[in-house]
Amino acid sequence: MTENYNPAEVESRWQSRWAESGLYRQEVEAGRPKHYALTMLPYPSGDLHIGHWYAMAPSDARARFKRMNGCNVLFPMGFDAFGLPAENAAIERSIHPAKWTYANIEKMRTQLASMGAMFDWRREAVSADPSYYRWSQWFFKKLLELGLAYRKQAAVDFCPHCNTTLAREQVWGDDRHCERCLTPVIKKELEQWFFRTTTYAEELLDFSDIDWPERVKIMQTNWIGRSTGADVVFHTEAGDPIAIFTTRPDTLWGATFMVLAPEHPLVEKITTAGQRETVEAYRQAAERLDEIARETADREKTGVFTGAYAINPVNSELIPIWIADYVLMSYGSGAIMAVPAHDERDFEFATKFDLPIVEVIRAPGRTDEDGPLTEAYVSKAEGHMVNSGRFDGTPTDGAVERVTEWLEAQGSGKAAVNYRLRDWLISRQRYWGAPIPIIYCPDHGPVPVPDADLPVMLPEDVEFVPTGESPLRFHDGFLHTTCPICDQPSLRETDTMDTFMCSSWYQYRYLSPEFDSAPFDPDEGVYWLPVDQYTGGIEHATMHLIYTRFFTKAMREMGLVDFSEPMLALYNQGMVLGEDGDKMSKSKGNVVAPDSLVRKYGADTVRAYLMFFAKWDQGGPWNYDGIKGPQRLLYDVWDLGHHPYQAGAVAATVDRALRRKTHQVIRKVTEDLENFSFNTAVAAIMELRNQLMGAQRSGQVSEAVWNEAVDAMLLLLAPITPHIAEELWQVRGKPYSIHQQPWPQWDAAVAKEETVTLVVQINGKVRDRIEVTAGLDDETLKAMALESEKVRNWLGSEEPRKVIVVRGKLVNIVA
RNA sequence: GGGGCGGUGGCGAAACGGCAGACGCAGCGGACUUAAAAUCCGCCGGGGUAACCCCCGUGUGGGUUCGAAUCCCACCCGCCCUACCA
C-alpha cells in the first residue's frame, strides 16, 4: 500500500530542499555552453495572476529542458516596480508608493515560489531599488552624451479640475474626459525629455540576426513605417518657403491646394486678415483634440482656408493653402501638397470644399469620355502621367524616380525617407519613477548630475497632493540644490522617467544586481549575453520590444556590449481567457486565481494543465473540468512510481511494444519541448502512462523494460512537473537531483515500428488498409496493393492508369 | 480603413500535401458498491445498413494536385493590434 499523493506536502518539501542545496544557483562556468532564458518581468500589482503562471511556468519548463540537455542555464526574475498604480494607491488609500510596492513584491515572491520555478533569486533585480535606478539615471546621462537624449516642448494631457497631468489611459471617451472627475481634458505644453529612437529607425527594420515571430517583425515594421519619396519646397506668394514630404512626386502636377497642420508655425504669418477669425477658431478647436482623436478614421474631413496661396513649383500655378486636422504636425513637415485625384483623403477634402481635382495619372483603359474621376486613383504600378508637361506619357511604374531626379536637377526637391516612428518621450510628471538626473542652473542651463552624486534619490517624505506637476516639485529638500559646475543655487529636474526606460535594460542588471561600478559586471556579460530565448506577451510587440532593441544599439555605441540585438529568439505565448471565453476581468467575475488552484490541485497539476490545454502561442479559455486530465495523469504517475513491479509471464511483443513506445515518446517530447509545443508533449507522456498502466495490469513486460519506461517518464516530466518528478525519482532510489540528470536519449532503431499500416487508395479514397512489414520497397508495396481483394473488387476489369506509391505509407491507384 | 491571428466532434484540441479527430474533458452503456463518489472495462462526427460496409464531413465558393484541414484565389464570421503617416 503506497501513501496517497499529497501535492502540498511534496511540493513544499522539495522547494525547501532545492533552496537549501542551491540547486538553482546559476554561475558562470567558462567553457560550458550557456543559455540565457528570459521571461518578461511582472509589475508588482500585489497578486499573481493566472496569466503570470501561463507566461512563466512553460518558460520555466523550457529552461529546465535546456538545463537537462547540457546547457548552463540562466533564468532570472525581478520586478518592474515603478509606475502609476503605486501612486494611485498612495492618493486613494494614503499608503506610500514604496510601502505598497515592496509589500506587493514580498507577496508575489511567495506566490512565485509556489510555482517551483528554477529562478535564481540571488539575481533578482527590482527597478525601484536605488541600486537599480542609479544605473537607469546613469544610462540617461550616457544617452545625453551621445546626443541620443534631448529636451523640447511637448504637450501633455491635463485635467484642470484635478490639477494633474494624465497618462494616456486616464483619458477616457471620445470627448476626452478625465477618468476620475469627468472634466474635459486640456493640452498643456511642457519642456520634456526625449530619447532619439528615430536615429535607429533604419537599423531597427533589420531583423536578419534574430529569430523572432513573423507577426512581431511585421508589427514593428509597420510601427516604424518607412516611406520613401521626396521633400519638395513650395513657396507662398509672399515668398515664404513651405517644405512638404510626398511619396508621390509624380503627382506634383495634380496638386491643387496645400494643407497645413493647424499648429503649423507658418499659419500665424500667412493667414489673411479676413480669414483670421475663422482660422483662430479652428485652431483652438483642434487643440482640444489630440492626435489620437484626430486620427479617428471615417471622421468627416474638416478644415478652413487661410486666405493665402502658394505656387506649385512644377507648373507655377497658384493654389490655395488650407489648414485641416487630418494633417499631423508630428509627421513629415506638418504640411502636404494635396493631390485630390490620386489620394483618397485629399479627394474627400476637395469634394467637400469644392476644390479642383486634376487628373495627372491616367488609369489603364480610361479615356476622356469617362468623365471626371469619381474616386481617387492611387495605383503606384499602373497607368501613365498626363497633364504633367514634359512628363506626359511617362509610365507610372518608375515615374517617382524619374520625377525625383528631375526635381533634384531643378533644385526644387530631393529624394527623402520618412518614418512614422517618433522619438520616445520619457518625462513623466510623477513621483514614483526614477528621477531624471538633471540640475537647472541659471547660468549653465541643464547640467547632468555628476556620476559621484548618483543616484538622485527619491525622497520619501512627499505630499501626494494632486497638482499639475511631479510631487517632487513641492519637496524643498529635493528641489533646491547647487549647480555642479558653478555651485550657485539651482533647481533639480522634478520629472521622473517612463517605466519603459527601466525595463529596457533589466536583462543586463540581472547578471549582477549588486554590481556597483557599472550597469552590469562585464565578466558576467561576456559569458551570458545576449539573451538566447525571450518569452512574453505579444502586447509588447511595438513598445517594450522596440525600446529594448533601441537601448541595446545605444549600449553598443557606449562600448558596453559588442552586439546589436538584445534577444536572439523570441516566443510569444497567448492569453488564458475566462471560462466564458472572454478576457478575464474582476467586473465579469471570470478571474481564475492561481493560489486557490495550487491549494486544491498542487502546482505540478496547474503547471501541467496550463501546458496541456492549448497550444502555447494560441491560449484559450480556462476550464475547471479540463484540469482533471492532468490531475489524473499525476495520480497515475504517482502510483506507477511507487508500484513495485512484478513481471509475470513476459510476452515478447508486449515487452517490445512498451520499449518502442518509450523511445517514441522520448523523441516526441524532446522535439516538442524544443519547439514550445508543450500541449503535445504532455499528450505524449499521457500515452506512455496509458501503456504503462496496461503493462502493470498484464505483467507481460520484463522488469528492465518497465524500469526504463518509468524512469524515462519521470525524466520527461521533470521540466513540466518538477516536484512530483523529483519525489518519485527519490522513491525509486535514484540520486539527487533529477533536475541534474542528463536528458533521456532515444534510440531510433528501438523507436522504429516493425509493421506499418499501408493505406490503399483508389482515386484518393481509402479502400483498404494492409499491415505490412516496415521498409518494403515501392514495387512490393504496389504489388501488394494491386493484389488486395478490395482493390480488385473496386477496380473490376479496369486497368489502373497510374499508381502512386508514397514510401512505406500509402498507395494511390488512379483508375 | 490597414495589419495580424484564428474558424476542425458536445467542449479544449491533434494532424512533414498522404488513414481527419492523437491526447484530454464531458456524455452514454457496463463492472464494482446497499447506494453514491472514486476506480476499472467498452462506446463516443453525421447519415444509411441486420451486418460486411457505403455515403457525407475540417466556415463558404472556386482552383492547383494522383491526393487538400493543410497550398493558391475570392468571400463570410470571430478575436487582437493599429488608426487620416501625405
Side-chain angles (χ1 to χ4, degrees), chain A residues 213-216 218-219 221-223 225-227 229 244-248 251 255 258-259 261 291-299 301 324-328 330-339 342-346 348-349 418-422 538-539 541-542 572 574-575 577 581-583 609 612-615 617-633 635-636 668 677 679-687 689-690 693 697 756-769 790 800-807 809-815:
Chain A
E214 208 54 39
R215 60 176 163 162
V216 173
I218 289 168
M219 282 168 85
T221 302
N222 292 341
W223 186 262
R226 182 182 202 272
S227 298
I244 61 117
F245 170 74
T246 178
T247 53
R248 295 299 301 274
T251 65
M258 294 188 79
V259 186
E291 285 194 4
I292 311 300
R294 274 166 57 175
E295 287 168 5
T296 311
D298 322 329
R299 209 173 129 249
K301 297 274 176 294
D325 65 10
Y326 79 92
V327 174
L328 310 173
S330 52
Y331 183 78
S333 61
I336 62 159
M337 65 168 192
V339 183
H342 307 292
D343 182 282
E344 285 170 21
R345 295 152 301 178
D346 298 345
E348 196 194 323
F349 195 82
N418 251 292
Y419 301 92
R420 285 180 38 158
L421 185 71
R422 310 287 151 86
I538 186 76
E539 67 275 14
T542 50
N572 301 111
M575 211 191 307
L577 304 172
D582 289 332
K583 231 176 181 171
Y609 180 60
F612 176 69
F613 87 99
K615 198 166 149 57
D617 61 354
Q618 213 57 54
W622 177 265
N623 184 290
Y624 284 100
D625 280 330
I627 198 172
K628 287 180 191 167
Q631 186 184 27
R632 284 175 193 145
L633 170 69
Y635 273 89
D636 291 342
K668 176 77 177 145
S677 187
N679 56 336
T680 49
V682 175
I685 294 170
M686 284 174 171
E687 288 188 44
R689 174 265 318 254
N690 292 345
M693 290 180 75
R697 278 191 296 275
V756 292
T757 307
L758 179 69
V759 174
V760 184
Q761 297 182 332
I762 296 175
N763 293 331
K765 282 190 185 294
V766 180
R767 294 306 181 192
D768 200 6
R769 297 182 176 93
K790 284 177 186 162
R801 283 193 294 155
K802 196 174 166 187
V803 179
I804 285 142
V805 182
V806 180
R807 178 114 257 170
K809 254 190 200 169
L810 177 141
V811 175
N812 189 15
I813 299 162
V814 187

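Side-chain atoms are counted along with the backbone in the values below, which use heavy atoms only and exclude waters and symmetry mates.
- One atom, CD of Glu344(A), and another, C1' of G2(B), lie 11 Å apart when rounded to the nearest Å.
- Across G7(B) and G12(B), the matching P atoms stand 11 Å from one another, rounded to whole Å.
- As rounded to whole Å, 13 Å separates atom C1' of G24(B) from atom CD of Gln631(A).
- Between the C1' atom of C79(B) and the CG atom of Leu577(A) lies a distance of 9 Å, rounded to the nearest Å.
- Under the 4.5 Å side-chain criterion, counting only non-hydrogen atoms from C-beta, Asp636(A) is not in contact with Met686(A).
- Closest contact between the side chain of Gln618(A) and the listed nucleotides C81(B), C5(B), A83(B) involves C5(B).
- Within the 3.5 Å criterion, the main-chain N or O of Arg420(A) finds a donor-acceptor partner in the side chain of Arg422(A).
- Among the nucleotides C56(B), C19(B), G24(B), the one closest to the side chain of Asn690(A) is G24(B).
- Judged by distance alone with a 3.5 Å cut-off, no donor-acceptor contact links the side chain of Arg215(A) to the base of C5(B).
- In this structure, Tyr624(A) places its OH atom 23 Å from P of G24(B), rounding to the nearest Å.
- The listed nucleotides are C25(B), C23(B), C19(B); the one nearest the side chain of Asn623(A) is C25(B).
- Within 6.0 Å of CD on Glu539(A) lie more than 12 heavy atoms contributed by other residues, nucleotides or ligands.
- The separation of G6(B) from A14(B), taken at their P atoms, amounts to 11 Å, rounded to a whole angstrom.
- Across the C1' atoms, A20(B) and A68(B) are found 12 Å apart, a figure rounded to whole Å.
- In this model, the phosphate group of G12(B) is not approached by any side-chain N or O of Lys628(A) to a distance below 4.0 Å at OP1 or OP2.
- Residues forming a side chain to side chain donor-acceptor pair (under 3.5 Å) with Arg767(A) (at least two apart in sequence, or on another chain): none.
- With RNA chain B read from its 5' end, the first of the two nearest nucleotides for Lys802(A) and Phe613(A) is the one closest to Phe613(A).
- Between Ala683(A) and Gly619(A), the residue anchored closer to the 5' end of RNA chain B is Gly619(A), taking for each the nucleotide with the nearest heavy atom.
- With C5(B), C23(B), C40(B) as the choices, the nucleotide that has an atom nearest any side-chain atom of Met693(A) turns out to be C40(B).
- The phosphate of C81(B) has neither OP1 nor OP2 within less than 4.0 Å of any side-chain N or O from Thr542(A).
- With rounding to whole Å, Trp622(A) atom CH2 is found 18 Å from G24(B) atom P.
- Annotation: the span from Glu348(A) atom CD to Tyr326(A) atom OH amounts to 8.5 Å, rounded to 0.5 Å.
- Other residues, nucleotides and ligands place no more than 12 heavy atoms under 6.0 Å from the CE atom of Met575(A).
- Of the candidates A26(B), C66(B), C19(B), the closest approach to any side-chain atom of Asp625(A) belongs to A26(B).
- For the pair Phe349(A) CZ and C85(B) P, the computed distance is 15 Å after rounding to whole Å.
- Look at the P atom in both U8(B) and U49(B): the space between them is 30 Å, to the nearest Å.
- Using atom C1' as the reference point in both U70(B) and U64(B), the two lie 13 Å apart (nearest Å).
- Phosphate proximity of C25(B) to Arg632(A): present, with a side-chain N or O under 4.0 Å from OP1 or OP2.
- Side-chain N/O atoms of Arg689(A) include none lying less than 4.0 angstrom from OP1 or OP2 on C23(B).
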Test side chain to side chain contact (heavy atoms under 4.5 Å, CB included) applied to Ile804(A) and Gln761(A), step by step: CA-CA 9 Å; Ile804(A) 285 142; Gln761(A) 297 182 332; over 6 Å; no

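- In this structure, Lys301(A) forms no cation-pi arrangement with Phe349(A), as its terminal cationic atom is not both closer than 6.0 Å to the ring centre and no more than 45° off the ring axis.
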Table of protein N/O atoms under 3.5 Å from nucleotides 14-18 of chain B N/O atoms:
unit_1	atom_1	unit_2	atom_2	d
A14(B)	OP1	Asn679(A)	ND2	2.7
A14(B)	O5'	Asn679(A)	ND2	3.4
C16(B)	N4	Lys809(A)	NZ	2.6
G18(B)	N2	Gln761(A)	OE1	3.3
G18(B)	N2	Asn812(A)	ND2	3.3

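- Ile244(A) CD1 to Ile336(A) CD1: the interatomic distance, rounded to the nearest 0.5 Å, is 8.5 Å.
- Taking atom C1' on both nucleotides, C71(B) is separated from C52(B) by 38 Å, rounded to a whole Å.
- Of all nucleotides listed (A83(B), C19(B), C54(B)), A83(B) comes nearest to the side chain of Trp223(A).
- Using atom P as the reference point in both G9(B) and G4(B), the two lie 26 Å apart (nearest Å).
- Of the candidates C81(B), A86(B), A83(B), the closest approach to any side-chain atom of Thr246(A) belongs to A86(B).
- With rounding to whole Å, Met575(A) atom CE is found 16 Å from C5(B) atom P.
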Watson-Crick or G-U pairs under 3.5 Å in RNA chain B, rendered as dot-bracket with [ ] for crossing pairs and | for another strand: (((((((..(((.....[....))).(((((.......))))).((((....))))..(((((..]....))))))))))))....

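- Here A83(B) presents its P atom at 20 Å from OH of Tyr326(A), a figure rounded to the nearest Å.
- Of all the heavy atoms in Asn679(A) and Ala614(A), the pair that sits closest is CB-O, 3.6 Å.
- A gap of 9 Å separates the C1' atoms of C32(B) and U39(B), to the nearest Å.
- Side-chain nitrogen and oxygen atoms of Arg697(A) include at least one within less than 4.0 Å of the OP1 or OP2 phosphate oxygen of C41(B).
- Applying the 4.0 Å criterion to OP1 and OP2 of C55(B), one finds that Arg767(A) has a side-chain N or O inside that range.
- Because its glycosidic torsion is more than 90° from 0, G4(B) is reported here as anti.
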